[in-house]
Amino acid sequence: YEGFFPPAPEGLAQRGPLIDVQIGHPSDYVGMEDRQPVVFPAHRMLIDTGAAFTLIDENIASDLGFGPHRFQEVIGVDQLPHERPVFRLTVGLTMQDDVGRPRFVRFAEDIVGMPRPVRDEGYVGLLGRDFLRHFELVYDGPSSRFRLVRDKGRMKRV
């Protein structure tokens with residue numbers, strides 16, 4: 001996956017490494033196929049190497065028909081602990097393989113719900129280190145580009 005945010009070198013620094021991902025997958029609906037949406041929309045998320053786990057706007061999980069399967073204490077940027085809902089969901093993205101063919105890769109993880117931001121930041125969540133453990137991340141600030149390279153041994157291909 002490659003991202004480019006001109007103008008260089010400020011573009012990537014101002015916007016951050018943003019990725020279009022699909023949240024939700026048919027495999028999430030085993031035993032509840034009647035709730036599966038026809039289409040899983042794409043959402044923009046920000047790569048955050050400082051986040052231990054992936055977070056999404058909790059309304060997205062609710063819109064997909066999911067309730068939390070547990071709660072987790074999270075310390076946010078305000079440095080205060082908050083009990084947050086945790087959802088088991090799939091995050092997927094389209095990447096190119098070694099010969100340039102598109103491949104959809106996905107992972108199912110516990111994703112922490114966060115309140116909808118007061119101000120629209122242009123993304124619906126953070127892709128944390130639990131997501132990044134599947135990739136090599138190359139952040140090229142001077143050219144305003146970043147690249148994710150898939151660790152083929154850990155990702156599922158659809």
Side-chain angles (χ1 to χ4, degrees), residues 1-5 12 15-77 81-117 120-139 145-158:
Y1 188 97
E2 294 189 27
F4 174 54
F5 295 93
L12 185 57
R15 292 184 198 96
L18 297 168
I19 296 181
D20 292 320
V21 299
Q22 175 184 300
I23 299 174
H25 186 269
S27 62
D28 296 335
Y29 290 87
V30 174
M32 51 186 204
E33 290 82 1
D34 58 320
R35 293 195 291 185
Q36 180 179 319
V38 175
V39 176
F40 294 96
H43 295 280
R44 188 159 272 197
M45 294 183 71
L46 176 70
I47 292 176
D48 185 347
T49 60
F53 36 79
T54 297
L55 299 104
I56 61 167
D57 176 340
E58 62 192 348
N59 294 310
I60 293 171
S62 297
D63 292 347
L64 289 170
F66 287 92
H69 72 92
R70 65 182 175 86
F71 288 82
Q72 177 175 329
E73 185 175 273
V74 175
I75 297 176
V77 293
H82 302 276
E83 285 291 312
R84 303 302 318 149
V86 178
F87 307 92
R88 184 73 174 177
L89 284 170
T90 298
V91 174
L93 68 150
T94 300
M95 303 179 76
Q96 290 187 353
D97 68 12
D98 295 339
V99 293
R101 293 176 300 206
R103 296 285 186 216
F104 182 78
V105 294
R106 63 186 167 95
F107 76 101
E109 296 280 349
D110 283 349
I111 298 175
V112 177
M114 62 182 192
R116 180 165 292 178
D120 182 8
E121 298 286 340
Y123 53 88
V124 300
L126 305 174
L127 295 165
R129 293 189 305 269
D130 58 342
F131 172 83
L132 289 171
R133 73 179 179 200
H134 302 289
F135 300 94
E136 174 186 342
L137 170 64
V138 178
Y139 185 100
R145 296 179 185 275
F146 74 93
R147 188 178 73 207
L148 287 177
V149 179
R150 180 177 150 225
D151 179 344
K152 297 175 187 169
R154 293 190 189 144
M155 296 295 287
K156 295 179 185 176
R157 187 170 50 175
V158 177

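The analysis underlying the following values was restricted to heavy atoms, covering all of them including side chains, and did not include hydrogens, waters or symmetry mates.
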- [ ] Locate the shortest heavy-atom distance separating F135 from R150; write the atom from each residue and the value.
- [x] CD2-CA, 3.8 Å

TODO: Working to the nearest 0.5 Å, report the span between CG of L137 and CZ of R129.
DONE: 13.0 Å

TODO: Could you check if a side-chain atom of L46 sits within less than 4.5 angstrom of a side-chain atom of P17, using non-hydrogen atoms only?
DONE: yes

Task: Pair V91-E109, side-chain contact (heavy atoms from CB on, under 4.5 Å): steps then yes or no - done: CA-CA 8 Å; V91 174; E109 296 280 349; over 6 Å; no

Task: Close side-chain approach of V86 and F53, heavy atoms under 4.5 Å - done: no

- [ ] Give a yes or no answer on whether the side chain of R145 reaches the backbone of F4 with a donor-acceptor pair at less than 3.5 Å.
- [x] no

Task: Student check: side-chain heavy atoms of F66 and R88 closer than 4.5 Å - done: no

Open item on the list: For a 4.5 angstrom cut-off between non-hydrogen side-chain atoms, does T94 reach D20?
Closed with: no

TODO: Using a 4.5 Å cut-off on heavy atoms from C-beta on, say whether the side chain of R70 contacts that of D110.
DONE: yes

Open item on the list: Between R35 (side chain only) and G65 (backbone N and O only), is there a donor and an acceptor less than 3.5 Å apart?
Closed with: yes

Task: Q22 (side chain) donor-acceptor with G24 (main chain) under 3.5 angstrom - done: yes

Task: 4.5 Å side-chain heavy-atom contact, H82 and P115 - done: no

Task: Main-chain N/O of G31 paired to E33 side chain as donor or acceptor, under 3.5 Å - done: yes

TODO: Identify the two heavy atoms, one from E73 and one from P81, that lie closest to each other, and give their separation to 0.1 Å.
DONE: CD-CB, 3.5 Å

- [ ] Taking all heavy atoms of F40 and all of P26, pick out the closest pair and write down the distance.
- [x] CE1-CD, 3.6 Å

Task: Whether R101 side chain and Q96 backbone form a donor-acceptor pair below 3.5 Å - done: no

- [ ] Verify, without hydrogens or angle tests, whether Y29 (side chain) and P37 (backbone) share a donor-acceptor contact under 3.5 angstrom.
- [x] no

Task: Side-chain touch L93/V105, heavy atoms, less than 4.5 angstrom - done: yes

- [ ] Could you tell me the separation between the CG atom of L18 and the NE2 atom of H43, rounded to the nearest 0.5 Å?
- [x] 14.5 Å

TODO: Please round to the nearest 0.5 Å and tell me the distance separating atom CD of Q72 and atom CZ of R84.
DONE: 11.0 Å

Open item on the list: For R147, I'd like to know if atom CZ has over 12 heavy atoms of other residues, nucleotides or ligands within 6.0 Å.
Closed with: no

Task: Working for side-chain contact (heavy atoms from CB on, under 4.5 Å), residues L148 and I19 - done: CA-CA 10 Å; L148 287 177; I19 296 181; 3.2 Å; yes

Open item on the list: Could you measure the distance from the NE2 atom of H69 to the CG atom of L89? Nearest 0.5 Å is fine.
Closed with: 8.5 Å

Task: D28 side chain to T90 backbone, donor-acceptor under 3.5 Å - done: yes

- [ ] Please report the closest heavy-atom contact between M114 and G125, naming both atoms and the distance.
- [x] CE-CA, 3.6 Å

Open item on the list: Once you measure the plane-to-plane angle for F107 and H134, does it fall in the parallel (<30°), tilted (30-60°) or perpendicular (>60°) bin?
Closed with: tilted

Task: ring-ring contact (aromatic ring centres under 6.0 Å, His included) against F5, all qualifying residues, sequence neighbours excluded - done: none

Task: Inter-residue atom distance I47.CD1 - Y1.OH, 0.5 Å rounding - done: 8.5 Å

Task: Spatial distance of atom CE (M45) from atom OH (Y123) [nearest 0.5 Å] - done: 10.5 Å

TODO: Heavy atoms only: give me the nearest D57-R116 pair and the separation to one decimal.
DONE: OD2-NE, 2.7 Å

TODO: Heavy atoms only: give me the nearest F146-Y139 pair and the separation to one decimal.
DONE: CB-CA, 4.3 Å

